[in-house]
Amino acid sequence: MKVLIAEDEENIRNGLAEILQAEGYETVLAANGTEALSLFYETKPNFVCLDIMMPEVNGYDVCREIRKHDNQVPIIFISAKSEEVDKVLGLELGADDYILKPFGVKEVVARIRAVTRRYLLLNKEQTTNKIDSFIMHDLTVYPNELRAKRDSDSIDLSLRDVRILNFLYENKGKAIDRDAIFNACWGRDYLPSSRTLDQHISKLRKRVEVDPKNPVIVRTVHGYGYRFDD
Amino acid sequence: MKTKLIVIFVLIVAIPIIVLSLFGVKTMRDEHEIVKHRFLALIQQKLANLDKRVVKLLSQYEKRIYKITEISDYSEDNLRKITRQIPEINYLLVLDKKGNRIFPLKLAGNQDEREFVQRSTQFAQRYYARNSVYRSSKRKELRKKSATGFYDNRLAIAAKKTTKIQTAKEKAPVQAESDIPSNQLSNTRRLAKQWKTENKGMMMQTHPSAVAIQTDKAKQAESSNAKAIPHDSRPVRLGKNKDNEVVHNKASRQNIGVRNRSTTARSKPATLLDSVNRKPDYPLKGKQQAIVQQTVIKGWSVWFWKNGINLIYTVRNRDGYLFASEVSRAKLLSDIIAVLPAQRANQTPQVTPSRITLTDAKGAVVYQWGTYKTKTKIKETPQVSYNLSSPLNSLKFNYYSSAIAMTSASSYLPLFFSVTGVFMAILGLAYYFYRENNRELETAQRKVTFVNQVSHELKTPLTNIRMYAELLEDSMDEADPQDQRRMKVIVNESQRLSRLINNVLNFARHQRNKLVLIKSQNTIDEIISSVLAQFGPSLKSKSIQVEFEKHASDTLMVDTDIIEQILNNLISNVEKYASHGKYLGIRSSLDKTRATIIIEDHGPGIPKSTTRKIFEPFYRASNKLTEGISGTGIGLTISRELARLHGGDLVLTSTKNGAKFTLTLDCENKIQIADK
């Protein structure tokens, strides 16, 4: 999924990009409203993160302009403007959520996941996940809901988590090397480091495994990669 | 809001002006009425003074004419000679005791005199005839029959009343005709005028008030034994005689009563002697009989002739001869005019122009003086009218002036200027307050804008610090624990700074009443756990033992942010001020929809004297307590306001050890949520 991030403050823009990329999104960055609009038409993102107070064209106007052409794409405002009227105005213009600065990473992630879920459920045809769910041992994964369930427990998953689990499920019983996982789940343009993948798998195990130290869903194939055994 | 202010502004200005104007107009009207009445009273007085002059003139006429009757030679030559010597009279008629004309006898060659004699003889004979036929027993009948008797009857009643007074006072001086109550006199004048209008055919009106019954011996008779005087002829004072003594008796009252009265009288002509020597209703005795014979009757009568009033002065002298003198109308009018002010009477410039007219019975102007002229062609109405005293009461003074009207118009000018002045003053004052209020609002708005701007500027770097710290912390999962601890400090401090900024912003919003609830489903225990999790590392670093008793796990509709912010402030205070107590106790409970959270510590506590002040903005407890600890003094203020916004409250409960805050919140439960 492609996300357009429009934020005039460079560090915040890059930080958001980092968070979203870690979640599995492809990011497009814009430093002002004009650039955001041109990139929107150019790249056709799957959803948009907008700051309000931007030079040239403010976030409200960008949102208004986008809504003229696309009613489906999710838009999230990320702003320091904390007045009720600002929030109401943003939501009235068609935004799907409103995140206040200073924000915590977990809050941003949770909100973006929520918006993504809604988007995926509404646009099943356009997503790569054609199936509604698949089972990995005692874990049922719902890719379009970015969620997995064990018994009655619900487990939030990121887009990348779903991709990894889906890739392992599709290649169950096979040992998959690191490059293949990177290519499938991060994209070919991504320059991988073994640490990135290991850290991600470690966090994923903490969420989906009953005992992360003795994993049964994402097993390690030493010196090669990972494997899921049915 | 702006419209509301404008309306208030208009009301502030308009209400006092309207009240002042109404009050002013009312006062001015009252004042004007008082001035008008005073003015009219003054004019009345002025016209009364003029009337006195005329009355005085008429009394001079009386004296001169009266002298004619004091003669002893009743020959025609002598009488004609005397008549010519007195310019005040045109013609004279003299009848002897029997009612026979003794003057003038020779009428040839003078038509006017002939006519005078014709009418006056008839009048004089009727005069005597009426006197002679009067009977008290027929009084009522006559009253009914005579259309003209009303006037004289009234006078008779007035005289009767006077007689009663005299009788009651037993020999006390009886009131003169002039002493008869003025209202009665004015009534008689009014009725006389009415009679005159209704009975012009009669062509004659006697002025009874001018009639006096005089006797030379009245004084003696009065001083003599009252029992010796017959009841009928007992002297009763009514008019003034020439000795300035007023005398009237019952017989004379009867005379007054019958004048112009009875048509029966006309059917039975009588002589002069009949009137004098007629048999009274009650027996006359001794001296009373003599007094009656010597009685002098005199009085004015009004005679309408040749489209004008002619005055007849009638005197029956002591010899019983009747003298009827017709006053020269031209002479009388010229003399009246002579006693009145000149036509171009000098008026001082500051006096409002006025005009006084003297009009006759037909309303025609006889004479006028003064400079006032009406500007309109409409027939003007006199502001004051004044009838002259009898027998000239057919003449009238009319006063014309613009004084009252001018007073009316001009009197509102000071009021207008006063109200305008007050209006301008109030307008200025109101505008001043309006501007000051606006200035304060603008200043407050600038302060709020400044706070918002500063907060916004703080948020941007804080967002970066917090975001990157958390990202870094996330990527340091398996790093050195010391690095992890350092990262925790950065993350915690950035979170604290976020809370501080949110407090400041909420406080600013509270100042503008802009705090609102945004509720969502959550449980109180989860919110508390979340907050404790945030504070976990810092509390652990200060060795503060946390005890959390969970008794509020039901899902409710709450504003999570607000509750978190309140708890953040309270736990932050424990961390800052009560860390030495090494204890933080939290107990949650739920009573239907009423959630209670108790937060207590074992720190130094809060002095009782400051238990209220700690909730006031910018107040911080004693220096000893807060020394070296940063804070703004708005944490508890905003916490309490947020609690109240959530339908609850935040109070400091007394405790032996440390501080104990009780937070109550009004929430909606599942059933209510489902209903919604």
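Note on naming: letters A, B, ... go to the chains in the order of the sequence lines (proteins, then strands), and numbering restarts at 1 for each one.
Residues S572(B) and N569(B) bring no donor and acceptor atom of their side chains to less than 3.5 Å of each other.
Within the structure, no pair that satisfies the ring-ring contact (aromatic ring centres under 6.0 Å, His included) test touches residues 552-572 of chain B, not counting sequence neighbours.
Partners of D97(A) by salt bridge (Lys or Arg N to Asp or Glu O under 4.0 Å), not counting sequence neighbours, listed by chain and number: R111(A). Scanning for salt bridge (Lys or Arg N to Asp or Glu O under 4.0 Å) contacts around R118(A) gives an empty result, with sequence neighbours left out.
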Chi angles and distances behind the side chain to side chain contact (heavy atoms under 4.5 Å, CB included) call for Y468(B), V105(A): CA-CA 9 Å; Y468(B) 281 102; V105(A) 173; over 6 Å; no
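Taking every heavy atom of both residues into account, S158(A) and R113(A) meet most closely at CB-NH2, 3.4 Å.
Of all residues in residues 10-18 of chain A, those placing a non-hydrogen atom less than 4.5 angstrom from a non-hydrogen atom of chain B are N11(A), I12(A), N14(A), G15(A), L16(A), E18(A).
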